[in-house]
Amino acid sequence: YSSTRLQPGGHSGTDRGVTRMPLPPQSTNEDELDITGLGAAIAGRKKLIVGGTATCVVSALLFLVVMKPQYTADTRVLIENQESYFTQPDRAAGGNPALAPDSEAIASQLELIKSRDVGRAAIGQLGLQGNPQFDPMAGGQGIVKTVLQFIGLSPSLRQLSPEDRILKYYSKNLTVFQSPKSRVVNIQFTAKDPKLASRGANTIADIYISMQQKEKKGRARLAAVSIG
């Protein structure tokens with residue numbers, strides 16, 4: 001006669017001392033990555049992937065060919081005080097002959113540098129007429145720009161005079177700004193030719209300085225007449 005007693009945990013007494021190893025979880029087909037299906041999906045879209053990659057490469061190459069590099073030259077001009085004892089005796093009475101111009105005076109000088117008078121002189125000295133970058137009508141108008149103008153996406157340059165056309169692109173490539181907390185004005189000129197960019201910035205500065213010297217001489221003559 002034999003008896004079997006259940007031990008706590010639900011095991012029979014005859015199983016005491018036997019270690020049972022847990023079985024690893026069985027993976028199902030739903031959890032596994034379907035490599036075959038993924039490869040088939042990529043193969044089905046192979047033409048789309050190759051076409052998109054080729055389009056990006058061709059677009060990048062066209063951009064590098066069409067868009068030529070731009071060069072920007074920078075020159076600096078110190079704004080001098082244009083006032084004297086004869087024009088503003090109240091300011092000169094303080095004993096400081098080199099009074100710094102105020103913010104309004106500097107702003108007016110910035111506008112003078114960007115003015116059409118300085119622009120006309122610079123265009124003549126730099127020979128920008130006939131340069132395709134500044135005179136786009138010189139080499140004829142391309143098909144793309146003609147179509148854009150026809151559908152209204154680009155302004156028609158034929159409506160502008162030759163001088164206005166060149167001044168438009170000249171002003172677009174000219175940047176004038178004041179250095180923070182100073183009387184120094186920065187003149188930047190951009191062109192596809194680095195030598196032209198450098199000549200442009202220096203020429204504009206020379207024209208402005210020449211105009212200021214003429215104005216100063218005129219003020220001196222007026223002061224001499226008032227004294228005499």
Side-chain angles (χ1 to χ4, degrees), residues 59-80 82 101 103-180 182-219:
S59 300
L61 292 176
L62 288 176
F63 178 81
L64 294 176
V65 172
V66 175
M67 297 300 295
K68 295 182 179 180
Q70 301 274 356
Y71 300 91
T72 299
D74 178 274
T75 188
R76 295 173 176 85
V77 176
L78 178 64
I79 303 298
E80 297 180 354
Q82 301 297 320
S103 58
E104 294 182 356
I106 295 178
S108 65
Q109 298 306 307
L110 294 178
E111 295 301 319
L112 176 60
I113 297 173
K114 295 185 291 185
S115 66
R116 294 174 66 92
D117 292 337
V118 174
R120 291 190 189 95
I123 290 171
Q125 294 187 26
L126 295 173
L128 298 184
Q129 187 172 2
N131 187 318
Q133 182 181 0
F134 300 91
D135 189 7
M137 297 296 294
Q141 202 165 238
I143 298 176
V144 176
K145 187 168 288 292
T146 302
V147 172
L148 292 176
Q149 292 177 0
F150 179 77
I151 62 180
L153 296 180
S154 178
S156 177
L157 298 177
R158 299 182 184 278
Q159 299 176 358
L160 301 175
S161 64
E163 180 182 89
D164 289 337
R165 284 200 303 266
I166 301 174
L167 278 171
K168 176 183 177 180
Y169 286 89
Y170 162 85
S171 301
K172 183 179 178 181
N173 290 276
L174 173 64
T175 303
V176 183
F177 60 94
Q178 177 187 2
S179 296
S182 71
R183 293 183 290 140
V184 176
V185 171
N186 294 266
I187 302 175
Q188 294 181 347
F189 193 72
T190 302
K192 295 179 180 179
D193 181 2
K195 294 182 180 180
L196 178 59
S198 178
R199 284 181 53 222
N202 292 326
T203 298
I204 295 169
D206 291 342
I207 293 172
Y208 166 74
I209 293 173
S210 177
M211 293 176 65
Q212 292 299 99
Q213 290 175 347
K214 290 180 180 179
E215 183 179 356
K216 185 177 291 187
K217 290 180 180 179
R219 289 173 178 266

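Values below: all heavy atoms of this structure, side chains included; hydrogens, waters and symmetry mates excluded.
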> About how many Å separate OG of Ser182 and CD1 of Ile106, when rounded to the nearest 0.5 Å?
Replying inline: 7.0 Å
> Between Ala197 and Tyr71, which heavy-atom pair has the shortest distance, and what is it?
Replying inline: CB-O, 3.5 Å
>> Quick check: closest heavy atoms across Tyr169 and Gln133, and the distance to 0.1 Å?
In response: CD2-O, 3.7 Å
>> Less than 4.5 Å apart, side chain to side chain, heavy atoms only: is that true for Thr175 and Thr72?
In response: no
>> Nearest 0.5 Å, please: how far is CG in Asp193 from CG in Asn131?
In response: 8.5 Å
> Taking it one step at a time, do Gln109 and Gln178 satisfy side-chain hydrogen bond (donor to acceptor under 3.5 Å, both in side chains)?
Replying inline: CA-CA 10 Å; Gln109 298 306 307; Gln178 177 187 2; over 6 Å; no
> Are Ile209 and Gln213 close enough that some pair of their side-chain heavy atoms sits under 4.5 Å apart?
Replying inline: yes
> Roughly how far apart are Ser115 OG and Leu110 CG, rounded to 0.5 Å?
Replying inline: 11.5 Å
> Which pair of heavy atoms, one from Leu112 and one from Val118, lies closest together, and at what distance?
Replying inline: O-CG2, 3.2 Å
> At their closest point, which heavy atom of Leu126 faces which heavy atom of Gly200, and how far apart are they?
Replying inline: CD1-CA, 3.7 Å
>> What's the separation between atom CD in Glu163 and atom CD in Gln129, rounded to the nearest 0.5 Å?
In response: 9.5 Å
> Any sub-3.5 Å donor-acceptor pair from Ser108's side-chain atoms to Ala105's backbone N or O?
Replying inline: yes
> With respect to Leu128, which candidate in Asn173, Leu167, Asp135, Ile166 satisfies the side-chain contact (heavy atoms from CB on, under 4.5 Å) definition?
Replying inline: Ile166
> Are Glu215 and Gln212 close enough that some pair of their side-chain heavy atoms sits under 4.5 Å apart?
Replying inline: yes
> Do you know which two heavy atoms are closest between Ala122 and Ile204, and how far apart they sit?
Replying inline: CB-CG1, 4.0 Å
> Of Ile187, Val185, Thr203, Val77, which is the lone residue that meets side-chain contact (heavy atoms from CB on, under 4.5 Å) with Tyr208?
Replying inline: Val77
>> If I take atom NZ from residue Lys168 and atom OG from residue Ser161, how far apart are they, to the nearest 0.5 angstrom?
In response: 12.0 Å
> In terms of ring plane angle, is the pair Phe134 and Phe189 parallel, tilted or perpendicular, where the classes change at 30° and 60°?
Replying inline: parallel
>> Could you check whether Arg199 pairs with Asp206 (Lys NZ or Arg NE/NH1/NH2 to Asp/Glu carboxylate O, under 4.0 Å)?
In response: no
>> With a sphere of 6.0 Å drawn around CD of Gln125, does it hold more than 12 non-hydrogen atoms of other residues, nucleotides or ligands?
In response: yes
>> Could you report the tightest heavy-atom contact between Ala201 and Thr75, atom names first, then the distance?
In response: O-CG2, 3.3 Å
